[in-house]
There are 2 protein chains.
Amino acid sequence: MLNKATVERLIIYNRVIKELKAQGEKWVTSTDIARALSKTPSQVRRDISSLGRKGKRGVGYNIKKLINDLDSVLGLNDEHCVALIGAGNLGRALIGYPGFKREGFICRLIIDNDPEKIGSKISGIKVESSEGLAKKVARKKIAIAVITVPAEAAQKVVDSAVAGGIKELLNFAPVKIYVPEGVNIRYVDLALEMENLAYSLNYRKKNK
Amino acid sequence: MLNKATVERLIIYNRVIKELKAQGEKWVTSTDIARALSKTPSQVRRDISSLGRKGKRGVGYNIKKLINDLDSVLGLNDEHCVALIGAGNLGRALIGYPGFKREGFICRLIIDNDPEKIGSKISGIKVESSEGLAKKVARKKIAIAVITVPAEAAQKVVDSAVAGGIKELLNFAPVKIYVPEGVNIRYVDLALEMENLAYSLNYRKKNK
DNA sequence: AGCATATTGTGAAATATTTCACAAGCCAAA
DNA sequence: TTTGGCTTGTGAAATATTTCACAATATGCT
Ligand SMILES: NC(=O)c1ccc[n+]([C@@H]2O[C@H](COP(=O)([O-])OP(=O)(O)OC[C@H]3O[C@@H](n4cnc5c(N)ncnc54)[C@H](O)[C@@H]3O)[C@@H](O)[C@H]2O)c1
Ligand SMILES: NC(=O)c1ccc[n+]([C@@H]2O[C@H](COP(=O)([O-])OP(=O)(O)OC[C@H]3O[C@@H](n4cnc5c(N)ncnc54)[C@H](O)[C@@H]3O)[C@@H](O)[C@H]2O)c1
């Protein structure tokens, strides 16, 4: 298991390199990648070498092979079915985002417990109630869920989702969620991001 | 300047402690906080001691004083004006989110260059064109901007925003943005989050 | 007051991550 | 085929971050 920071960088390298490939490039050096991302070439090499891939000294990395390896390690070769739990403002913005589909993430299940929404369609997918959530997830063999319900409801829907076989979660609710061993949950906490900015602004103000 | 990871944790401690305060608690120990967040008590103490605040041995931290210090260090005592640039699906979901206002972030300027949107109101705020963006930002003395325009437009609007005095940015466009020294930009990259999940799922699949 | 128990604050150790620095290898041009 | 200019891969050094471990001290009970 590569460490978290390395994976995040590899994902970005992959994007940058795909861009270069689209522009017709065949080779890329650690310095090129580093420049595009304001990292050190040394870090880029260290990260790439953790894939096992070997570049060519004096030349750099073969873009096609490198992308292959990255996609394979990052699990981007096949599509992933995703469940969206909570079809509110944020959830709907996410479902409609074409970028996800482009990267291979297909929404196969939308859950909401608002009677007004249940039965309606969003981006062509029927909104289903949270009744029997675990079974619904299990039936479709979905492993990834995006959680966009209010904080109070989050732990509960996660528990059902996990019971149904969800292994990977992306949680937007601003609350700590407990998941069993072997289940991975990531947090996107937009208020935390804003507060980080506030800290930085405040620090600046105080120190000059 | 506290390191990034410490600030992120402090923000979360602050939240947890405010919760406890609302429940009537007066004191909290590093162990309590650590348990709520699955961290070590030692880390919590180290983080809090970086504020300069002193707890009471044998007892813990006085919640009221600790929140005071946290709010003061994190810059949460006064409100912050925010500009939202790009009033599309994601931008509108963010503007409407009551959590931001609750945490003291007030949207004072909405920018979009879609003629259909310019002049209309979102959450009571008029949408303005991106013409003269720098001046608009400067006139309202806004220091924080949230970027939710398409990737292609992002660098350009950021340049204008920074020219107008923006110092802190939260960028949702999946593209590396260059900002001058002294300006802080954070990225929220939702596709990256999904790809992280894909990596983890893939790793699991391959290694068992 | 004395004792038992709890919890902080912090050097020092342990880990983790990043960067340095350079031998080794590749390529093109002469 | 030799030379010079690049660039990789990677030990080792440098940094950064986290955890350990325990003296210092607060509180409550007898
Ligand atoms: N909108 C934002 O910009 C934003 C920003 C930061 C954080 N968040 C967080 O993201 C989450 C969603 O935000 P939102 O703005 O979309 O809220 P929202 O109220 O618009 O949407 C929440 C949706 O979840 C549904 N829901 C509630 N309980 C449910 C349950 N038990 N099972 C299934 N569905 C349920 C509701 O019917 C609603 O449709 C919240 O936790 C919020 O704090 C949102
Ligand atoms: N919606 C999502 O869930 C999601 C997820 C991940 C990333 N993103 C990223 O967030 C950004 C916004 O996404 P979205 O779904 O809201 O897109 P969107 O197309 O709905 O909205 C973009 C808005 O920006 C406006 N705009 C374009 N150029 C502009 C300019 N130069 N100045 C001012 N306004 C301009 C458009 O008129 C539009 O209203 C994109 O970069 C997208 O890649 C969105």
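In what follows, every chain begins at residue 1, and chains take the letters A, B, ... in the order their sequences are listed.
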Please determine, by modelled atom types, if A:Lys167 and B:Ser200 share a side-chain donor-acceptor pair under 3.5 angstrom.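 Side-chain D/A pair, A:Lys167 to B:Ser200: absent.
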Between B:Asp159 and B:Gln155, do the side chains contain a donor N or O and an acceptor N or O under 3.5 Å apart? yes
State whether B:Asn3 places a side-chain N or O below 4.0 Å from either non-bridging phosphate oxygen (OP1 or OP2) of D:dT17. yes
Return the value, rounded to whole Å, for the distance between atom [atom1] of [X] and atom [atom2] of [N].
X	N	atom1	atom2	result
A:Trp27	C:dC26	CH2	C1'	10 Å
B:Lys26	D:dA26	NZ	C1'	20 Å
B:Asn62	C:dT8	CG	P	13 Å

Check this for me: does any side-chain nitrogen of one of [X] and [Y] sit under 4.0 Å from a carboxylate oxygen of the other?
X	Y	result
A:Arg35	A:Asp32	yes
A:Arg92	A:Asp112	no
B:Glu8	B:Arg186	yes

So B:Arg46 and B:Ser30, do their side chains get closer than 4.5 Å, heavy atoms only?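 No, too far: nothing below the 4.5 Å cut-off.
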Considering heavy-atom distances to DNA chain C, does B:Val28 or A:Arg9 have its closest nucleotide positioned more toward the 5' end?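 Residue closer to the 5' terminus by nearest nucleotide: B:Val28.
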What parts of residues 30-61 of chain B reach DNA chain D, counting only heavy atoms under 4.0 Å away? B:Thr40, B:Ser42, B:Gln43, B:Arg45, B:Arg46, B:Lys56, B:Arg57, B:Val59
Under 4.0 Å, heavy atom to any atom of DNA chain D: which of residues 63-71 of chain B qualify?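 Under 4.0 Å from DNA chain D: no residue of residues 63-71 of chain B.
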Please say which of A:Arg15, A:Lys64, A:Lys18 ends up in a salt bridge (charged side-chain N to carboxylate O under 4.0 Å, His left out) with A:Asp71.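 Testing each of A:Arg15, A:Lys64, A:Lys18 against A:Asp71, the sole residue satisfying salt bridge (charged side-chain N to carboxylate O under 4.0 Å, His left out) is A:Lys18.
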Ring-plane angle category for A:Phe105 and A:His80, please: parallel below 30°, perpendicular beyond 60°, tilted otherwise.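 Judged by the thresholds at 30° and 60°, the geometry between A:Phe105 and A:His80 is parallel.
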